[in-house]
Amino acid sequence: MRARGLGVRYRRDRALRDCSFEVAPGGVTALVGANGAGKSTLLKVAAGLLRPTEGTLEVGGEVGFVAQEKPLYREFTVADMLEFGKRANPRWDDRYAQELVDRVNLPRSRKTGRLSGGQRAYVALVLALARRPDVLLLDEPLAEMDPVTREDAVRSIMVTVAETGAAVLLSSHVVADLAGVCDRLLVLDRGEVRLDDPVDELVDGHRLVVAPRDTDLGAHEVVQSRTGERQLTALVRLRGPLDLPDDQVSTPNLDELVVAYLRRNRAVTA
Ligand SMILES: Nc1ncnc2c1ncn2[C@@H]1O[C@H](COP(=O)(O)OP(=O)(O)OP(=O)(O)O)[C@@H](O)[C@H]1O
């Protein structure tokens, strides 16, 4: 998937502005950003449901899309939905679909309209995975799932990527769940790409510093900082070795990284 100068306007409101990025096969990219940042809009353009106002978004191969609303035929049972998927999709992998349903406690005979939100989200994900798409677009796939189902869902996504080499772009607010799943982070902030980097490089390239207030952070780029009466807390992007005692420095997790980048921009434009 390749976006070049992608922009989307809803009448006069700009939802996306000059977005350029790539999503490679065989990887999972996490799409994160505040409410209204443009994540769903971006996924809808990628799914071919919305036309860009500017620029281009090219997507190669078979596309699977699970919308935020997880639409299913409410009068169909889980078994009906699987049967429907099988008949409608030439690439359908029925053994895989059945295995994914078996993995969690999902009553096959229940109508999808009577499933819980998390169960519905899981069924929608199974339907998308079993179609074996080349590009998988998931809008907040984990939002309503309990921690155990969430883990199953994440594992299924990873297995699919490993087996089929699919390119996955998934939006989420639960960044902590995505550590170990996504290899790339795409952060949207009010319609613009704020960060687009491999997770390894982001984690290696940043440090959290909690040090005395007058500490000199040298040439390192301060992404976000807070100064208390005696203490300085900062997230820095390294520009070489960080010359501070070990007990003042730690490696940030994904949540801390995302929040720092989103807050930085708030502070600048507020
Ligand atoms: N159909 C629409 N008509 C007009 N404006 C829209 C429409 N859909 C979205 N928008 C606007 O576009 C912007 C981006 O919305 P979008 O749904 O893509 O954000 P999001 O990042 O997915 O948010 P969330 O995390 O809340 O799901 C918002 O300002 C929103 O109000």
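As the structure lists them, so they are numbered: ligands from 1, and atoms in each ligand from 1.
- By the side-chain contact (heavy atoms from CB on, under 4.5 Å) test, Ser156 is found to be paired with Tyr96, Leu100, Arg103, Tyr122, Leu129, residues two or more places apart in sequence or in another chain being considered.
- Short contacts between ligand 1 and Thr41, defined as distances under 4.0 Å to a heavy atom of the residue, involve ligand atoms 14 (C), 15 (O), 16 (P), 18 (O).
- Between Gly33 and ligand 1, no N or O atom pair is found at a separation short of 3.5 Å.
- Within the 4.0 Å cut-off (strictly below), a protein heavy atom is located near atom 12 (O) of ligand 1.
- Looking only at protein heavy atoms, the nearest one to atom 26 (O) of ligand 1 is Asn35 ND2, 3.0 Å.
- The side chain of His173, and not its backbone, has at least one atom closer than 4.0 Å to an atom of ligand 1 (non-hydrogen atoms only; side chain from C-beta on).
- Here the shortest heavy-atom distance to atom 25 (O) of ligand 1, taken over Lys39, Arg190, Gln68, belongs to Lys39.
- Formation of a donor-acceptor pair under 3.5 Å by the His220 side chain with backbone atoms of Leu235 is not found in this model.
- The shortest N/O to N/O separation between Asp13 and ligand 1 does not fall below 3.5 Å.
- By the 4.0 Å heavy-atom criterion, Glu140 is counted among the residues contacting ligand 1.
- Within the structure, ligand 1 lacks Ser171 among the residues with a heavy atom less than 4.0 angstrom away.
- When only interatomic distances are considered, the shortest N/O to N/O separation between Ala15 and ligand 1 does not fall below 3.5 Å.
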